Trainee: 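Have a look at the structure that comes next, please.
The chains referred to below are lettered A, B, ... by the order of the sequence lines, with proteins before strands, and numbering in each begins at 1. This structure is a prediction, so every number in the text was calculated from the model and none was measured.
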Amino acid sequence: MTHLDLLNAVLALRFRQPGWPPILAEAGYLVHNVGVTFKLPDGAKVAPDVIATSQARNVALLIEVKGGGGFDHDQAGRMERVTAEDLRHSAYLPIDPSACRIGIVYVCSREHHAAFEQATAARAGTVISFDGTSFQLGGNALPDEMLAAAWAAATVTPGAPPLAIIPFDQESDAATIARTVIPELVAILLRGAGVVFVDEILQRTHHLVHSVMQPTGSKAEWQGLKKRVTEFLNEVARGELNPWLERIPQQPMWRFKSAVPADQTTRTRELKNLQRSTQVLIERLGGGAGIQLELFDRLE
Amino acid sequence: MNLAVRNRRELAQHLQDQMVAARMAWSPALETDEEGHARTSVKTYLIEAHRLAAESPSAVELLRQITAPLGMSVDETEDSDLFRLRNEAHDFWCDTSMGRYWRLHTTAKVEDADIVHRKLVGATPLLDNVWLPPTYLEALADRTGSAMQTFSLNHDRRALTSDLDLAFVALRLWASHAARTLQKLREAQLFPHGVSLRSVKLRAGDTEPDGDFCIAEYFHNGKVTANGTSFDEHNRVLLQVLRDYGRIVERIEHRYAIDVSCDENGCGHLMGDPIVIDMDWTMSNLEHVVGRMFSATEPFRLWGVPERIAGNHFRARAVDLHVGSTLTFDITDKHIVIQLRAGRHRPSDLEPRR
């Protein structure tokens with residue numbers, strides 16, 4: 001499982017969706033901004049993937065999602081230095097520092113469970129591994145026993161992928177980026193904006209993380225996403241979407257070559273042409289043949 | 001062309017005169033000629049105007065932008081939120097006093113009025129029909145203290161399949177007890193998975209023949225045709241419908257839109273939930289259904305490139321062509337799950353069409 005798969009699996013425990021037990025929501029946890037970065041008093045930065053808090057249980061969970069098997073001891077050390085005061089005053093969390101207990105959670109694939117248990121043996125932190133249908137807890141105990149029990153008992157319906165709350169990350173394949181970004185291009189085209197900015201697209205595709213990644217310092221991650229989308233737009237503007245889109249020379253922006261037709265029939269035809277080209281593009285990028293769309297249909 | 005209308009009060013009088021005339025021209029013998037009858041009724045189109053951002057134009061600017069290519073002009077009136085739209089043959093009055101929800105009135109023939117309305121709404125994603133969910137139409141008489149006189153059904157699955165016995169049924173029913181008849185029809189389970197109302201006709205106001213009343217037909221797409229003796233009664237029901245609709249939209253946007261909510265200290269947390277619609281598909285080929293849904297055509301008007309992400313699980317990030325916003329669909333043989341981002345959405349997105 002990739003980092004993105006596991007991150008969306010954690011978020012699936014907050015958002016009610018078929019096949020997934022919303023144990024975080026049922027336990028009254030608030031999931032705070034994904035990817036939030038904050039500074040410790042010594043200037044060190046801490047950026048857990050997810051922070052969840054329960055005011056009723058006086059617990060804050062710093063959840064680090066691990067797509068691979070590597071364990072970053074420096075990062076773990078920084079997480080272990082986080083105090084409730086830091087969470088209250090530096091991460092702006094609505095907690096009572098005098099009562100709040102902090103739990104560090106490493107979420108990984110089942111295949112890496114033993115390795116993470118070993119890596120955290122002399123450290124703080126609970127290991128929670130996922131195999132697609134169940135979770136296994138190891139390492140130190142969670143400060144919230146009821147949540148630990150619910151997490152250990154939680155089962156996911158086989159073959160039920162989590163929703164793509166975060167649709168892609170730096171590591172995602174180009175076809176996945178295409179499936180997410182091109183609908184945003186179409187929406188911008190329909191609005192008649194004419195010009196496309198990468199930030200505008202990411203604000204739409206990653207709206208849950210955009211506001212915190214921008215100002216608080218996860219610049220590397222945000223820049224990585226921007227780079228991927230920039231490369232993607234450059235490629236498609238020269239390729240399959242060239243009839244519609246072009247790069248503005250010497251500018252980090254693109255423009256549509258023409259507005260969407262005002263006449264509805266012509267507009268529908270144009271949108272279907274765009275759909276057809278997108279299918280060709282996704283197939284070229286390795287996204288498979290896709291679903292057969294009825295692009296020449298009887299209802300037109 | 002009526003040049004005398006200068007404000008909402010005069011418009012109400014003018015439209016009431018037309019409603020009365022339409023009623024006088026109506027004969028019970030012609031009851032089955034509903035479309036012909038509607039030609040002389042007052043038509044009101046309920047429209048949602050998505051003017052959320054600061055860069056959005058004012059109502060009059062937006063109307064002028066849209067109507068100019070259609071060969072129409074826009075005149076302001078004494079009321080700052082009432083505008084007259086004119087083409088060569090007809091007047092339309094656009095009442096924007098409810099902000100996001102507009103009422104477009106006309107006395108033009110229904111064929112002409114429908115064309116103008118379709119062009120106006122189709123010209124920009126900033127305007128959309130007020131899509132009245134079938135479940136709401138069914139409850140409309142009770143909600144507005146009216147009596148349901150007739151209803152029409154449009155059970156149309158041709159967009160998704162051709163292998164059903166009842167792929168397409170259009171039905172218009174007059175009955176002495178329309179609501180009860182609809183209930184019996186539903187209980188008889190004549191149509192697989194229920195009936196979808198296309199329109200309901202209501203009588204609101206006095207029950208006496210010479211009292212103040214309005215007989216109005218409300219269609220799924222926000223079109224209303226009205227006659228009777230009281231425009232005020234017509235307007236009363238319209239306002240109730242728009243307030244209800246506004247509450248539905250607000251609930252969707254606040255309860256279901258997945259977003260970040262910040263408190264006064266700047267602390268954010270994720271809010272909302274995906275919309276989960278339980279499905280009992282009557283179509284056997286789900287892939288074909290998905291292919292149809294995202295083909296950018298009626299009735300769905302969704303643009304997307306769906307993919308199969310697991311056995312019978314399809315996912316598509318799609319553009320709602322009605323309003324130009326994006327949303328993500330996960331479709332399985334048991335559910336449709338929709339992720340909405342904060343913004344503009346239609347209640348009809350949540351009405352299952354199996």
Trainee: Which value, rounded to the nearest 0.5 Å, describes the distance between A:Arg267 atom CZ and B:Leu321 atom CG?
Mentor: 8.5 Å
Trainee: Could you look at B:Asp273 and say if it's the side chain, the backbone, both or neither that has a heavy atom under 4.5 Å from chain A?
Mentor: both
Trainee: Within this structure, what is the CD1-CD1 distance for the pair B:Ile258 and A:Ile165, rounded to the nearest 0.5 Å?
Mentor: 4.0 Å
Trainee: With a 4.5 angstrom heavy-atom cut-off, is it the side chain or the backbone of A:Leu11 that approaches chain B, or both, or neither?
Mentor: side chain
Trainee: Hey, does the side chain of A:Arg191 reach the backbone of B:Pro125 with a donor-acceptor pair shorter than 3.5 angstrom?
Mentor: no
Trainee: To the nearest 0.5 Å, what is the distance between CE on B:Met271 and CZ on A:Arg14?
Mentor: 9.0 Å
Trainee: Mind checking the CD1-OG1 spacing from A:Ile182 to B:Thr326? Nearest 0.5 Å is all I need.
Mentor: 13.5 Å
Trainee: For chain B, find which of A:Ala160, A:Pro22, A:Pro18, A:Gly159 contributes the most heavy-atom pairs closer than 4.5 angstrom.
Mentor: A:Pro18
Trainee: Answer with side chain, backbone, both or neither: which region of B:Val337 has an atom nearer than 4.5 Å to a non-hydrogen atom of chain A?
Mentor: side chain
Trainee: For B:Glu307 and A:Thr176, run side chain to side chain contact (heavy atoms under 4.5 Å, CB included): C-alpha distance rounded to whole Å, both residues' side-chain angles, the deciding distance at 0.1 Å, then the answer.
Mentor: CA-CA 10 Å; B:Glu307 63 175 326; A:Thr176 300; 5.7 Å; no
Trainee: Could you report the tightest heavy-atom contact between B:Arg341 and A:Thr205, atom names first, then the distance?
Mentor: NH1-N, 4.5 Å
Trainee: Using a cut-off of under 4.5 Å on heavy-atom pairs, state which of B:Pro274, B:Ala296, B:Ala318 scores highest against chain A.
Mentor: B:Pro274
Trainee: Are any side-chain N or O atoms of A:Gln275 and backbone N or O atoms of B:Gly304, one a donor and one an acceptor, separated by less than 3.5 Å?
Mentor: yes
Trainee: Which atoms of B:Pro306 are under 4.5 Å from chain A, going by heavy atoms: the side chain, the backbone, both sets, or neither?
Mentor: both
Trainee: Has B:His269 got a side-chain atom pairing as donor or acceptor with A:Val31's backbone, closer than 3.5 angstrom?
Mentor: no
Trainee: Among B:Arg315, B:Glu287, B:His335, single out the residue with the greatest number of heavy-atom pairs under 4.5 Å to chain A.
Mentor: B:Arg315
Trainee: Strictly distance-based, threshold 3.5 Å: is any side-chain N or O of B:Arg317 a donor or acceptor partner for the main-chain N or O of A:Pro167?
Mentor: no
Trainee: State the CG-CD1 distance between A:Leu163 and B:Ile338, to the nearest 0.5 angstrom.
Mentor: 11.5 Å
Trainee: Among A:Ala52, A:Ala178, A:Ala25, A:Pro183, which residue has the highest count of heavy-atom pairs closer than 4.5 Å to chain B?
Mentor: A:Pro183
Trainee: Could you look at A:Ala175 and say if it's the side chain, the backbone, both or neither that has a heavy atom under 4.5 Å from chain B?
Mentor: neither
Trainee: Specify the closest pair of heavy atoms between A:Leu208 and B:Val260, including all atoms of both residues, with the distance to one decimal.
Mentor: O-CG2, 3.5 Å
Trainee: Could you walk me through whether B:Val305 and A:Ile282 satisfy the side chain to side chain contact (heavy atoms under 4.5 Å, CB included) test, starting with their C-alpha distance in whole Å, then the side-chain angles of each, then the deciding distance to 0.1 Å, before giving a yes or no?
Mentor: CA-CA 9 Å; B:Val305 185; A:Ile282 289 173; 3.7 Å; yes
Trainee: Take B:Trp303 and A:Leu190 through the side chain to side chain contact (heavy atoms under 4.5 Å, CB included) test and state the conclusion after the steps.
Mentor: CA-CA 11 Å; B:Trp303 189 103; A:Leu190 287 172; over 6 Å; no
Trainee: Which one wins on heavy-atom pair count under 4.5 Å against chain A: B:Gly311, B:Gly272, B:Ser261?
Mentor: B:Gly272
Trainee: Which atoms of A:Thr53 are under 4.5 Å from chain B, going by heavy atoms: the side chain, the backbone, both sets, or neither?
Mentor: neither
